[in-house]
Structure formats: C-alpha cells, structure tokens
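Sharing a structure, written as structure tokens. Questions coming.
The shown structure was predicted, so the numbers you read here are calculated from the model rather than taken from an experiment.
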Amino acid sequence: MSWKYGLIRDMSRTDYLITSSEFGVVMPDKFPKAKHHYLVLPREDIPSIFHLNRTHLPLLRELYNLAQNAVKIRGVTWEDFQVGFHAEPSLQRLHLHVISKDFVSPCMKTKKHWNAHNTELFVPYEKLCVHLERENCFSRLPKSLVNEMLSQPLICNQCKFAPESLLDLKAHLFYHWHSRKKEHEQKHIIDGISKMSFRNTPPKHIQAMTPPQLNQLNHRPLLLMYHGPRTFGDGHYFSPSQRKGYTRTPGNKGFRPPPPINAPPHYTKKTFAGERTVQNGQENGAIPRRIPKTDENKNQQVTQERIQQNLNSQQPNQDSNQQS
Ligand code: AMP
Ligand code: ZN
C-alpha cells in the first residue's frame, strides 16, 4: 500500500484511535507538529477537501464534535487548539487537523511544516464551512500560490517576532510554551489555596483581606508568605493571634507560622517569569510584555515622592549647618 493511504490503513486499528463515532475516527498524528496533534477522518470515503460540497456540512459538524471529544479525553484546553484542513493535503482521505498552537515538537523540522499550519494554507474549520455554503466546493489553489505561501518568511503565531531561522523560531516557541506552563502552574496553586481558604466562610474582617496577586508571589515560598484566611482540616478557624507561634503538624493543612522578624532571605519576594524584570534593556530578558501598572507600583511611586519631599525639606537645614 502506498504511503498516501497510510491514514486509511491506520484508521482501522482501534487500539490506535483516541475516539470514534458512527461518522468518523480520531487518531494521533504520527509525526505531531505540536505538543498535541490529532487527525479526524470520516468513515465515508471522501478522498480530500476538493470532494466536499454543501451536503457535507452536517458531516463536518460531526467531525468537529469528535475533535472536541478528543481534546476533552486528552484533558487539554480547547482554546489552545487550531482546527482546520490543509489546502494542499498530501494523504488520502479527508482529514481535519486538530493541533495545539504551541508548535513545540521535534517533528517541526522545516519551514514548509510551519507555513502549512500558519498561513492561508491552513483553512480553519469555520472558514471552510462558510466557503462551502457560498461556493458549494473548495478548489485546488494554483501551484505558484502554494509555493509562494510555503516559502513565506517565518513569523511567530503568538507575537510579532520574525525569526531569521526555523531554529530561532523553535527556541522562541519553546519560550512561549514554558512561560504559559509556568503561569498555568501558578494559577493552579493560587486556585488551590483559595479553595482551601474559603471552604468555610471566614469572619468579616478576614473576608476583606485580598488574596495575593499572581505577580506578587513566587510559588515556592507561597505558603510561607500568604497569611490570609485559613481553615484547618476539621474546618475550625484560627484567628491570626491564635496562630501566632503555631508550628505545622500533619493533618493541619496549609498553615505555617509567619516569618520571624529577622527573616532569612528565602522569605523575601523573588521575581519569576510573570513578573517584570529588565535585562539588557529588554523586559524579562526576551519578549517584551505589557505589564499593567498596579496599585502597588503607584503606592511605591507615592512613597518615593514623599521620601524625596522629606529629603528636600531637610536640605536647607543641612546646608545651613555646613555653612555654619
Ligand atoms: P496533510 O498535509 O494534511 O496530508 O497531513 C498529513 C498528516 O498525516 C501529517 O501531519 C503527517 O504527520 C500525518 N501522518 C502521516 N502518516 C500518518 C499515519 N500513518 N498515521 C497518522 N498520521 C500520519
Ligand atoms: Zn512569539
């Protein structure tokens, strides 16, 4: 069997499939171009996108539903995916690409691989449906146009970075993926703490306390630094004064004593990926990010202004002392 029929051969291997229905099957892409890459194929023998017309719209909807099921089964986030068809497919049997937008993969090896998924050569599901509704077919693009798109300059799909080489792009994409992963982990930890803290309604004066913001905490010393509302395993609430001097024992979830007055360095705030740092004139050492001005920044500014005013008001006295 020719390599062109590889998908048709593999769709009958039930152990290989992620999910299936009476309308189609979902299989993992054998050479994934991202962290997650699946293909949805109809059971009906439709050779390619060029054989579709308006009557296939309900079937396409079924394939789209299958794609959503597969993403759910794999426990990943639907919004992180792009879903569509290649305008110039190479393998037989219509197949819908369901691919995560990170594009972090050792199989992403050529500029063509990138441009096939990140130019007009990738036809999103919704766009194809609108096109079929209007035109009743999808025609092959002229060869010259396909070649032009495949050789387009590389550009990041998540910011405006234009790398000089695929290697640069891959390193850059890895940076995006890693930052997102870290942010996700931070959010997970804070959500966990919020759930733990607010399981029982705390007293009103504690309710008024605001939980820490993502950019204020490094996840490692998180529990050491945050002394907001806490309840223990049995739901009993301890006031801050009751907690004083409390040492953690197994079974008393999530509470540690406040830092000592002369706290060692690991109690202090450290910067992390989500926080603004400037290195070599670039924020976070690489990709510029827009950081909203927080109240904390404003407060810092006000404090600095006050210190300056105090210094200014002391200045004449010092001068006069020196003169005398
Ligand atoms: P296309 O350019 O749309 O025809 O893409 C075909 C996709 O099928 C590519 O992403 C390949 O990595 C993938 N592929 C090739 N052979 C197999 C196979 N036997 N099983 C699953 N995926 C495959
Ligand atoms: Zn980017």
Side-chain angles (χ1 to χ4, degrees), residues 1-13 16-21 23-68 70-71 81-101 103 105-152 154 157 166:
M1 201 187 245
S2 153
W3 61 271
K4 281 198 164 191
Y5 299 96
L7 299 183
I8 297 173
R9 183 193 59 220
D10 286 345
M11 72 182 284
S12 57
R13 285 176 48 194
Y16 189 52
L17 304 180
I18 299 170
T19 184
S20 63
S21 73
F23 301 104
V25 303
V26 189
M27 63 168 74
D29 193 292
K30 204 171 179 180
F31 309 102
K33 309 299 183 298
K35 286 277 168 196
H36 300 272
H37 190 177
Y38 322 130
L39 302 173
V40 191
L41 282 76
R43 290 197 190 274
E44 191 182 332
D45 186 10
I46 303 171
S48 74
I49 189 172
F50 310 121
H51 296 78
L52 292 174
N53 59 43
R54 229 172 261 138
T55 65
H56 292 108
L57 286 170
L59 174 66
L60 290 180
R61 182 71 226 180
E62 294 294 341
L63 300 185
Y64 189 78
N65 290 344
L66 269 173
Q68 285 182 319
V71 168
F81 281 78
Q82 63 184 53
V83 181
F85 299 85
H86 281 166
E88 189 62 33
S90 50
L91 298 190
Q92 281 288 313
R93 181 67 61 95
L94 177 75
H95 50 279
L96 177 65
H97 287 264
V98 184
I99 184 163
S100 56
K101 295 176 201 163
F103 291 100
S105 163
C107 294
M108 173 61 74
K109 285 179 177 164
T110 65
K111 195 177 187 178
K112 283 184 182 176
H113 284 157
W114 175 260
N115 281 340
H117 292 90
N118 291 285
T119 63
E120 300 278 299
L121 289 177
F122 190 87
V123 188
Y125 162 81
E126 291 85 1
K127 197 174 165 188
L128 179 72
C129 290
V130 171
H131 188 89
L132 286 177
E133 191 73 68
R134 213 175 41 219
E135 308 287 334
N136 202 24
C137 69
F138 186 87
S139 311
R140 204 177 272 278
L141 297 174
K143 196 92 192 134
S144 57
L145 187 59
V146 172
N147 289 337
E148 193 185 309
M149 285 190 201
L150 287 176
S151 54
Q152 263 184 27
L154 298 166
N157 63 337
L166 185 72

Discussion item. Checking the side chain of N157 only, and the main-chain atoms of K101 only, is there a donor and an acceptor separated by less than 3.5 Å?
Written reply: yes
Fill in: Heavy-atom pair of closest approach, residues S20 and V25
CB-CG1, 3.9 Å
Worksheet, complete the sentence: One should read off an interatomic distance between D45 CG and Q92 CD, to the nearest 0.5 angstrom, of 8.0 Å
Worksheet item: Mind checking whether Q68 and F81 have side chains closer than 4.5 Å, heavy atoms only?
Response: no
Response to the item:
By side-chain hydrogen bond (donor to acceptor under 3.5 Å, both in side chains), T19 pairs with (sequence neighbours left out) none
Worksheet item: If you take all heavy atoms of C107 and P32, which pair is closest and at what distance?
Response: CB-O, 3.1 Å
Worksheet item: So, does R43 use its side chain to make a donor-acceptor pair with the main chain of S21 at under 3.5 Å?
Response: yes
Item to complete: Scan R13, H95, M11 and name whichever one has a side chain to side chain contact (heavy atoms under 4.5 Å, CB included) with M27.
Response: M11
Discussion item. Taking side chain to side chain contact (heavy atoms under 4.5 Å, CB included) as the definition, give me every residue that meets it alongside T119, ordered by chain and number, with sequence neighbours left out.
Written reply: N115, L121, M149, Q152
Return all side-chain donor-acceptor pairs below 3.5 angstrom for residues 34-42, not counting sequence neighbours, or 'none' if the list is empty.
| from | atom 1 | to | atom 2 | distance (Å) |
| --- | --- | --- | --- | --- |
| H36 | ND1 | Y38 | OH | 3.1 |
| H37 | ND1 | K33 | N | 3.1 |
| H37 | NE2 | D29 | OD2 | 3.4 |
| H37 | NE2 | H97 | ND1 | 3.0 |

Worksheet item: E120: what forms a salt bridge (Lys or Arg N to Asp or Glu O under 4.0 Å) with it, not counting sequence neighbours?
Response: K127
Worksheet item: Is the distance between the ring centroids of H86 and H117 less than 6.0 Å?
Response: yes
Worksheet, complete the sentence: In terms of heavy-atom contacts, L141 and A87 come closest through CD1-CB, 3.9 Å
Worksheet item: Can you list the steps and then say if L91 with W3 is a side chain to side chain contact (heavy atoms under 4.5 Å, CB included)?
Response: CA-CA 8 Å; L91 298 190; W3 61 271; 3.3 Å; yes
Worksheet item: Considering residues at least two apart in sequence or located in another chain, which fulfil the side-chain hydrogen bond (donor to acceptor under 3.5 Å, both in side chains) criterion with T110?
Response: H113
Response to the item:
Rounding to 0.5 Å, atoms CZ (R54) and CG (L60) come to a distance of 13.5 Å
Fill in: Side-chain touch C137/L52, heavy atoms, less than 4.5 angstrom
no
Worksheet, complete the sentence: In short, L154 meets L166 closest at the heavy-atom pair CD1-N, 3.6 Å
Response to the item:
To the nearest 0.5 Å, atom CG of L63 lies from atom CG of L96 at 6.5 Å
Discussion item. Does anything in residues 131-145 form a side chain to side chain donor-acceptor pair (under 3.5 Å)? List the pairs, not counting sequence neighbours.
Written reply: E88-R140
Worksheet item: Atom CZ in R61, atom OH in Y64: separation rounded to 0.5 Å?
Response: 6.0 Å
Worksheet item: Are the side chains of P28 and I18 in touch, meaning some heavy atoms are under 4.5 Å apart?
Response: yes
Discussion item. For V98 versus A67, what's the shortest heavy-atom pair and its separation?
Written reply: CG2-CB, 3.6 Å
Item to complete: Check whether any side-chain heavy atom of P89 lies under 4.5 Å from a side-chain heavy atom of F50, and answer yes or no.
Response: yes
Item to complete: Measure the spacing between CD1 of I49 and CZ of F138 and express it to the nearest 0.5 Å.
Response: 4.5 Å
Worksheet item: Could you state the interatomic distance from OH (Y125) to CG (L128), rounded to the nearest 0.5 Å?
Response: 9.0 Å
